[in-house]
K.L.:
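First the structure, then my questions, so here it is.
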Protein chains: 2
Amino acid sequence: MAITEVPDIVIGRLPIYLRALTLLGEAGHEFTSSQELGQRLGIGSAQIRKDLSHFGEFGKQGTGYEIKYLRDQISKILHVDRDWDVALVGFGDLGQAIAHYAGFIDEGFHIRAIFDNDPAKLGRVVNGKVVRNVSELPETIAKLGIKMAIIATPASVAQEVADKLIKNGVKAILNYAPITLSVPDSVRLQYIDPVVHMQRMTYYLD
Amino acid sequence: MAITEVPDIVIGRLPIYLRALTLLGEAGHEFTSSQELGQRLGIGSAQIRKDLSHFGEFGKQGTGYEIKYLRDQISKILHVDRDWDVALVGFGDLGQAIAHYAGFIDEGFHIRAIFDNDPAKLGRVVNGKVVRNVSELPETIAKLGIKMAIIATPASVAQEVADKLIKNGVKAILNYAPITLSVPDSVRLQYIDPVVHMQRMTYYLD
DNA sequence: TAGATTGTTAATCGATTAACAATC
DNA sequence: TAGATTGTTAATCGATTAACAATC
């Protein structure tokens, strides 16, 4: 039996499943089924069962899945059964909103260092973190052992920032700057660009 | 010849092409090729040519694509060769960052109405727009004829807000609330959830 | 037991890629 | 002309879906 890599598209759905399970759990449900889950998410039940089958057997014929158990298992698979330290680069409007976003903390993502290059912003304190000059980035994230970063800078400096982050040990980047970055295969990269989403929808409008 | 729908996954790449073309244009380039574009975007050149072939012939053998021309054509295809009025619901940290985001205006997306249900926020003015109570949403967006909206509310009220938007004529929603929404097929829906992106990356970290 | 739902197989569907004739 | 690159076809690859035996 050859080692089969789990497709990234499957990995991409696991956080969605996790979110739905958390919601169901908070609503007081104890069990669910691939059918119920699929209905809520607009996904086929077969796809959900197939996705989960890459990692093991989590359900029971006739009764479905115990929500709390499945939730814990997916958390482990995704490595979110622990806390993650995150660096944030760029402290404009967007960076500030990110720094304040409670959703990150709730899910175990903690912004431990914030960087900007605007002298007016340096020294400001958010949730106990000081905004530092980008010149301090290398030693700060290397010292803290930070592996994840969020880029919320203008597009013009995003590649340069990414290079610096990677050189100092960052392995995963969430990029809000509206530009395609070039990174080594060993570094994970995700994009958030609201304009891209809006333009994808206008195609269907008239 | 049967009418062939262009796959949505192709539509999803067009804004990326557009962004790259704009960047190349601003850098002073006049022509590009599917190869150059592909290299910059980490996409195969054949895929770019195939994607474009759904809409027509925009290049020239031997020389490639004229950047300005291709940019204009893709803009037309995506219906972003015009301005779009947008409603924003939710004026917390995130909503405020969205309201201030210059990237939207640059690309022709104009936030014409802002809603929240927190009395403390009502009446505040951003870029000439007043924050209104959600109770005024129906008549306001119906009157303005708004077709696009951005939801930046807590998850708990997002579905209710979406329903209200759709009932009053909205056809496309960009949802920042961390919950899967249920909407009719006739309504376009895109999601932005940074936590989902982060969790998708931690799978590959250890 | 009867009903429900899993995990998995095989079929289908759709997207990506390689290759190349056409032609600028 | 020679070199480059398009648009398109056909082959490959991978993902989704339907169906069902197993079993709780």
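Nothing here was measured: the structure is a model prediction, and the numbers come from that model. Each chain gets a letter, A, B and so on, in the order its sequence line appears, and its residues count up from 1.
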K.L.:
Round to a whole Å and report the spacing from CD1 of B/I9 to P of D/dG14.
P.N.:
14 Å
K.L.:
Using heavy-atom distances to pick each residue's nearest nucleotide on DNA chain D, tell me which of A/K50 and A/K60 is more 5'.
P.N.:
A/K50
K.L.:
For a quick check under 3.5 Å, do B/D85 and B/H110 share a side-chain donor-acceptor pair by atom type?
P.N.:
no
K.L.:
May I have the distance from A/Q35 (atom CD) to D/dT17 (atom C1'), rounded to whole angstrom?
P.N.:
14 Å
K.L.:
Can you tell me the distance, in whole Å, between the CD atom of A/E36 and the P atom of C/dT5?
P.N.:
10 Å
K.L.:
With nearest nucleotide decided by heavy atoms, which residue, A/V10 or B/S53, maps closer to the 5′ end of DNA chain D?
P.N.:
B/S53
K.L.:
Rounded off to whole Å, could you give me the CG-to-C1' distance for the A/L52 and C/dG7 pair?
P.N.:
10 Å
K.L.:
If you count every heavy atom of other residues, nucleotides or ligands that lies below 6.0 Å from A/Q39 atom CD, does the total exceed 12?
P.N.:
no
K.L.:
Would you say that A/L24 contacts A/L37 through its side chain, given a criterion of any heavy-atom pair below 4.5 Å between the two side chains?
P.N.:
yes
K.L.:
Between B/Y65 and D/dA4, is there a side-chain N or O to OP1/OP2 distance below 4.0 Å?
P.N.:
no
K.L.:
Select base, sugar-phosphate, or nothing to describe what B/S34 touches, counting heavy atoms under 4.0 Å on all strands.
P.N.:
sugar-phosphate
K.L.:
Using five base pairs at each end to define the local axes, how bent is the helix from C/dG3-D/dC24 to C/dC24-D/dG3, to the nearest 10°?
P.N.:
20°
K.L.:
Output yes when B/K68 and B/D72 qualify as a salt bridge under the 4.0 Å nitrogen-oxygen rule, no when they do not.
P.N.:
yes
K.L.:
What is the distance from CG of B/L70 to C1' of D/dT6, rounded to the nearest Å?
P.N.:
13 Å
K.L.:
In whole Å, what is the span from the OH atom of B/Y69 to the C1' atom of D/dT6?
P.N.:
14 Å
K.L.:
Between the protein and nucleotides 19-23 of chain C, list the N/O to N/O atom pairs that are separated by less than 3.5 angstrom.
P.N.:
residue, atom, partner, partner atom, Å
C/dA19, N6, B/R49, NH2, 3.2
C/dT23, O4', B/Q61, NE2, 3.3

K.L.:
Is it true that A/R13 and A/D51 make a salt bridge, defined as a side-chain N closer than 4.0 Å to a carboxylate O?
P.N.:
yes
K.L.:
In whole Å, what is the span from the CD atom of A/Q47 to the P atom of C/dA11?
P.N.:
20 Å
K.L.:
Does the side chain of A/L18 reach to within under 4.5 Å of the side chain of A/R71, using non-hydrogen atoms?
P.N.:
yes
K.L.:
Got a second to check how far A/L78's CG is from B/M198's CE, nearest 0.5 Å?
P.N.:
13.0 Å
K.L.:
Do B/D81 and B/K76 sit within salt-bridge range, that is, some charged N less than 4.0 Å from a carboxylate O?
P.N.:
no
K.L.:
Name the closest nucleotide to the B/S33 side chain, picking from C/dG7, D/dT16, D/dT6.
P.N.:
D/dT6
K.L.:
One thing to verify: whether A/R188 and A/D8 come together as a salt bridge, which I'm taking to mean a side-chain N less than 4.0 angstrom from a carboxylate O.
P.N.:
yes
K.L.:
Within this structure, what is the CD-OH distance for the pair B/E30 and B/Y69, rounded to the nearest 0.5 Å?
P.N.:
15.0 Å
K.L.:
How many whole angstroms separate atom CZ of A/F58 from atom P of C/dT8?
P.N.:
11 Å
K.L.:
Checking all strands, does A/G44 fall into the base, sugar-phosphate, or nothing category for heavy-atom contacts under 4.0 angstrom?
P.N.:
nothing
K.L.:
Given C/dT16, is OP1 or OP2 found less than 4.0 Å from the side-chain N or O atoms of B/R13?
P.N.:
yes
